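Below is one structure, written out as structure tokens; the observations come after it.
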Amino acid sequence: SLARAGASVVINSSRSVADGKAVADSLPRARYIQADVADDAACEALVAETLAEFGRLDVLVNNAGTTQVIPHEDLAAVTDEVWQQILTVNVLGTWHMTRASVPALRATGDGVVINVTSVAGLRATGSSIPYAVSKAGINHLTLLLAKTLGPQIRVNAVAPGLVDTPWTAGWDAIRERVRAQAPLGRTALPGDIAEAVMGLVLARFVTGQVLTVDGGMTLA
């Protein structure tokens, strides 16, 4: 959506380099830069490369994340290592990228941060307890940063329900339940989330909000 609106875009991933480059190559003004958001120095370098390439930074979309599928009742399976991995990528990664981007975003006078969280951060659901807790943490971080960084920077979040991606390809039982119960009768496509992100980018008097994008599933 940003690219279609004429924005230059930087695509980032930590591991899926070929896929990231393919996305960048499909866009008119885009570049792929590999970086692990769990690494604070890598985030600083990512922002520096972005500024060197394009000269400014107007919008940061924090979409990097990880999880492990662990039934909530299986407390023994949730080791400290699981907590550390998920919290480091999801929460600290969002923190690292935002902090690294603040000077450039503030310089524009109307910088935007959009955090991609999850309905798992709003309800007692999700692929694992650490994942849900990490998303709840990002939701609250969104509010705190919005209060702290205004008026030069707006900070909002989108909280998707189940999205059809390669990661969720095998989640057929959950997908069928969503289709049966959600008022809009289907799971989300990536484009649905992109549209919500773009809406918040354009909403110049909105900050500190977490927008649920789940086809109404939270009403069920």
Side-chain angles (χ1 to χ4, degrees), residues 12-16 19-20 35-40 42-43 60-99 113-146 155-179 181-182 186-190 192-194 196-197 200 208-220:
N12 161 250
S13 69
S14 62
R15 296 187 301 273
S16 304
D19 290 338
D36 182 357
V37 298
D39 183 342
D40 194 19
C43 294
L60 168 66
V61 180
N62 284 312
N63 190 42
T66 190
T67 191
Q68 292 193 35
V69 179
I70 302 173
H72 290 196
E73 63 272 15
D74 191 357
L75 303 186
V78 182
T79 63
D80 285 359
E81 289 73 23
V82 170
W83 277 106
Q84 289 165 2
Q85 179 198 20
I86 292 175
L87 292 177
T88 299
V89 173
N90 295 1
V91 180
L92 283 182
T94 299
W95 171 257
H96 292 157
M97 279 305 308
T98 303
R99 183 172 59 184
V113 177
I114 307 292
N115 297 323
V116 179
T117 68
S118 171
V119 294
L122 301 169
R123 301 182 69 189
T125 185
S127 52
S128 67
I129 287 178
Y131 175 79
V133 169
S134 75
K135 293 301 185 176
I138 299 171
N139 286 341
H140 197 58
L141 179 61
T142 298
L143 276 59
L144 293 165
L145 289 173
V155 186
N156 291 293
V158 295
L162 183 62
V163 183
D164 292 338
T165 68
W167 182 275
T168 64
W171 297 12
D172 293 336
I174 301 173
R175 186 170 289 103
E176 288 306 314
R177 185 166 71 249
V178 171
R179 289 172 178 168
Q181 297 180 7
R186 66 176 178 87
T187 49
L189 300 173
D192 295 318
I193 312 308
V197 169
L200 287 173
Q209 299 301 305
V210 179
L211 175 63
T212 303
V213 188
D214 70 343
M217 185 61 184
T218 48
L219 302 173

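The structure presented is a predicted model; accordingly, all values stated were derived computationally and were not measured. If you read the sequence from its start, that first residue is 1, and numbering goes on from there.
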Query raised in the report: Does any pair with a residue in residues 158-172 pass salt bridge (charged side-chain N to carboxylate O under 4.0 Å, His left out), and if so which ones, sequence neighbours excluded?
Result: D164-R175, D172-R175

Query raised in the report: Which pairs pass salt bridge (charged side-chain N to carboxylate O under 4.0 Å, His left out) with one or both residues in residues 73-95, sequence neighbours excluded?
Result: none

Once you round to the nearest 0.5 Å, how far does [atom1] of [X] lie from [atom2] of [Y]?
X    : Y    : atom1 : atom2 : value
D40  : W95  : CG    : CH2   : 10.0 Å
D214 : L122 : CG    : CG    : 9.0 Å
I174 : T125 : CD1   : OG1   : 7.5 Å

List the residues meeting side chain to side chain donor-acceptor pair (under 3.5 Å) with [X], not counting sequence neighbours, and say none if there are none.
X    : answer
S16  : none
N62  : T98, N115
S127 : T67
E176 : R179

Flag side-chain contact, heavy atom, 4.5 Å: [X] against [Y]:
X    : Y    : answer
V119 : M217 : no
R177 : L162 : no
R123 : T212 : no
V91  : I138 : yes
V113 : L145 : no

Requested in this report: Go through the structure and list residues passing salt bridge (Lys or Arg N to Asp or Glu O under 4.0 Å) with D39, not counting sequence neighbours.
Outcome: none

Looking at every heavy atom in both [X] and [Y], which two are closest together, and how far apart are they?
X    : Y    : result
A132 : A120 : CB-O, 3.3 Å
P130 : V78  : CG-CG1, 3.3 Å
A182 : G215 : CB-O, 3.7 Å
A35  : A42  : CB-O, 4.0 Å
L200 : A157 : CD1-O, 3.6 Å
S134 : I86  : OG-CG2, 3.8 Å

Given 3.5 Å as the limit, does a donor-acceptor pair link the side chain of [X] with the main chain of [Y], or not?
X    : Y    : result
N63  : V116 : no
N90  : T66  : yes
T168 : V163 : yes
N156 : G208 : yes
S128 : Q68  : yes
T79  : V82  : yes

Query raised in the report: Where do L141 and T94 land on the side chain to side chain contact (heavy atoms under 4.5 Å, CB included) test, with the steps shown first?
Result: CA-CA 9 Å; L141 179 61; T94 299; 4.0 Å; yes

[X]: what forms a side chain to side chain contact (heavy atoms under 4.5 Å, CB included) with it, not counting sequence neighbours?
X    : answer
A38  : D36, T88, V89
A194 : S1
H140 : L143, L144
I129 : H72, L75, W83, V133

Requested in this report: With side chain to side chain contact (heavy atoms under 4.5 Å, CB included) as the test, would you mind laying out the steps for V37 and H96 before giving the verdict?
Outcome: CA-CA 7 Å; V37 298; H96 292 157; 5.8 Å; no

Query raised in the report: Just wondering, are more than 12 heavy atoms of other shown residues or ligands nearer than 6.0 Å to CH2 in W171?
Result: yes

